[in-house]
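Whatever order the structure lists ligands and atoms in, that order sets their numbers, starting from 1.
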Amino acid sequence: MSILMISHELEEITQWSHAMHVLYCGQMVEAGPTKKVFNGPYHPYTQALVKSLPDYAHGIGHKAPFYALKGTIPPLQHLPIGCRLGPRCPQAQKECVATPTLVKSHGHSFACHFPLNREKKKCNPC
Ligand code: SF4
């Protein structure tokens with residue numbers, strides 16, 4: 001039996017699921033086994049979600065800001081060309097005006113021209 005959970009509560013998802021899919025502006029940007037995606041995200045948006053979680057174990061300073069990507073989610077009638085995260089992505093480069101295809105590697109999928117936690121060279125679809 002499978003159960004589909006849809007949530008913005010990343011901590012809950014990691015506790016209750018074996019696999020997760022991360023979407024941004026209606027497109028899947030990363031998917032794979034939950035622990036693998038959470039502990040070593042390839043996509044900058046997934047990394048931003050993980051970094052935005054409050055670190056209660058180490059304490060949170062008074063009025064300390066939580067991590068967030070700059071900018072806002074674009075309205076659906078004004079989506080950017082190419083990678084939809086492009087205008088907000090800290091890793092964006094000129095190649096990102098082309099829509100990244102979904103790359104699958106050892107059960108872990110991602111759609112990014114410059115994935116994190118991997119070799120720094122550009123990835124080609126497998
Ligand atoms: S394709 Fe480019 S803009 Fe999109 S997430 Fe990857 S590095 Fe960022």
- Note on the structure: So the atoms of ligand 1 within less than 4.0 Å of a heavy atom of Gly86 turn out to be 3 (S)

- Do side-chain atoms of Thr34 reach the backbone of Ser17 as a donor and acceptor pair under 3.5 angstrom? yes

- Item | Between Arg84 and Tyr45: side-chain donor-acceptor atoms closer than 3.5 Å | no

- Task: Mind listing the closest non-hydrogen atom pair of Ala92 and Gly86 along with its distance?
- Result: CB-O, 3.6 Å

- Note on the structure: If you scan protein heavy atoms around atom 1 (S) of ligand 1, the nearest is His113 N, 3.3 Å

- Message: To the closest 0.5 Å, what do you measure between NE2 (His113) and CD (Glu95)?
- Response: 7.5 Å

- Determine whether the side chain, the backbone, both or neither of His43 has a heavy atom under 4.0 Å from any heavy atom of ligand 1. side chain

- Near Gln91 (heavy-atom distance under 4.0 Å), the atoms of ligand 1 are 7 (S)

- When hydrophobic residues are tied together by side-chain contacts of less than 4.5 Å, even through go-betweens, does Ile73 share a cluster with Val29? yes

- Pick one of side chain, backbone, both or neither for how Cys112 approaches ligand 1, counting any non-hydrogen atom pair under 4.0 Å. both

- Query: Which of the numbered atoms in ligand 1 are below 4.0 angstrom from a heavy atom of Cys96?
  - Reply: 1 (S), 2 (Fe), 3 (S), 7 (S)

- Task: Look at Cys83 and state whether any of its N, O or S atoms is less than 2.8 Å from atom 4 (Fe) of ligand 1.
- Result: yes

- Message: atom 8 (Fe) of ligand 1 and Cys89: any N/O/S contact shorter than 2.8 Å?
- Response: yes

- Message: Would you say His108 and Glu30 are linked by a side-chain donor-acceptor pair, where the criterion is simply a distance under 3.5 Å?
- Response: yes

